Amino acid sequence: MSNGFRSRDMSGNGELDGTESRLALQASGYQIQEGTFQILMLLFDRRRAGALTFDDYVEMCIFLHNVRNVYGFYDRQHTDQVTFAFDAFLTAAVTLRSL
């Protein structure tokens, strides 16, 4: 994972700024809307520096992997669209919180 981080750190400063983080997500197959991306940056940029350290990046990758796995459980047709009853949504949220 550290090699992937370094290869995406185009500035070579040991962190991924917003642009580098977005490109890293896209390279990993995530097409995330700008508002959602900003929320992710707020959640995982613990220093509030507008950039992710290696640890921040790893934590975000693990979170996204877990979200993708839980979502995939409900997206059985692989359409990237699911309909949730509240109880199912709550179950998914609690599952993510416990991982």
Side-chain angles (χ1 to χ4, degrees):
M1 182 155 293
S2 63
N3 288 338
F5 180 85
R6 281 194 299 271
S7 71
R8 291 176 172 109
D9 178 14
M10 294 175 267
S11 60
N13 64 353
E15 58 189 31
L16 301 182
D17 65 23
T19 300
E20 293 166 333
S21 297
R22 178 172 277 295
L23 290 172
L25 290 174
Q26 289 172 346
S28 297
Y30 294 104
Q31 300 302 317
I32 297 174
Q33 304 251 341
E34 183 62 27
T36 304
F37 174 73
Q38 292 302 324
I39 292 168
L40 285 171
M41 288 298 288
L42 285 172
L43 182 63
F44 293 102
D45 174 14
R46 291 177 281 190
R47 298 173 304 135
R48 302 293 181 249
L52 301 177
T53 65
F54 177 70
D55 289 343
D56 297 337
Y57 173 74
V58 169
E59 188 176 339
M60 182 178 70
C61 288
I62 291 168
F63 173 79
L64 288 170
H65 175 78
N66 290 338
V67 169
R68 182 179 270 174
N69 284 345
V70 170
Y71 186 85
F73 174 80
Y74 294 97
D75 184 20
R76 295 172 197 260
Q77 302 297 321
H78 304 288
T79 62
D80 281 339
Q81 294 185 347
V82 296
T83 302
F84 285 108
F86 178 75
D87 192 60
F89 178 77
L90 183 59
T91 299
V94 169
T95 300
L96 284 171
R97 176 108 174 138
S98 68
L99 296 176

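Worth saying up front: this structure is predicted, and the values here are computed from it rather than measured.
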Practice prompt. May I ask you to decide if Gly50's main-chain N or O and Asp45's side chain share a donor-acceptor pair within less than 3.5 Å?
Written response: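 Looks like yes, one N/O pair under 3.5 Å.
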Which residues share a side chain to side chain donor-acceptor pair (under 3.5 Å) with [X], sequence neighbours left out:
{"X": "Arg68", "value": "none"}
{"X": "Glu34", "value": "Arg22, Gln38"}
{"X": "Asp55", "value": "none"}

Would you give the length of the straight line joining atom [atom1] of [X] to atom [atom2] of [Y], rounded to the nearest 0.5 angstrom?
{"X": "Arg47", "Y": "Leu52", "atom1": "CZ", "atom2": "CG", "value": "8.5 Å"}
{"X": "Asn3", "Y": "Arg8", "atom1": "CG", "atom2": "CZ", "value": "10.5 Å"}
{"X": "Leu42", "Y": "Arg48", "atom1": "CG", "atom2": "CZ", "value": "6.0 Å"}
{"X": "Asn69", "Y": "His65", "atom1": "CG", "atom2": "NE2", "value": "4.0 Å"}
{"X": "Phe89", "Y": "Tyr74", "atom1": "CZ", "atom2": "OH", "value": "10.0 Å"}
{"X": "Phe5", "Y": "Tyr57", "atom1": "CZ", "atom2": "OH", "value": "8.0 Å"}

Test side chain to side chain contact (heavy atoms under 4.5 Å, CB included) applied to [X] - qualifying residues, sequence neighbours left out:
{"X": "Ala93", "answer": "none"}
{"X": "Ile39", "answer": "none"}
{"X": "Asn13", "answer": "Asp9, Ser11, Glu15"}
{"X": "Leu43", "answer": "none"}

Worksheet item: Looking only at heavy atoms, which two atoms of Ile32 and Leu40 are closest? And how far apart?
Response: CD1-CD1, 3.8 Å
Practice prompt. Work out which heavy atom in Cys61 is nearest to a heavy atom in Met1; give both atom names and the distance.
Written response: CB-CE, 4.2 Å
Fill in: Residue list, salt bridge (Lys or Arg N to Asp or Glu O under 4.0 Å) with Arg6, at least two apart or on another chain
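Expected list: none.
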Fill in: By salt bridge (Lys or Arg N to Asp or Glu O under 4.0 Å) - contacts of Asp56 (at least two apart)
Arg46
Discussion item. Please list all pairs meeting ring pair (Phe, Tyr, Trp, His ring centres under 6.0 Å) that have one or both residues in residues 11-50, counting only residues at least two apart or in different chains.
Written reply: Phe44-Phe63
Discussion item. Listing request: all side chain to side chain donor-acceptor pair (under 3.5 Å) pairs with a residue in residues 76-94, at least two apart in sequence or in separate chains.
Written reply: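 Non-adjacent pairs meeting side chain to side chain donor-acceptor pair (under 3.5 Å): Asp75-Thr79.
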Worksheet item: Who else is in Leu23's hydrophobic cluster (ILVMFWY, side-chain heavy atoms under 4.5 Å, direct or via others)?
Response: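 Reading the cluster by chain and number, Leu23 sits alongside Met10.
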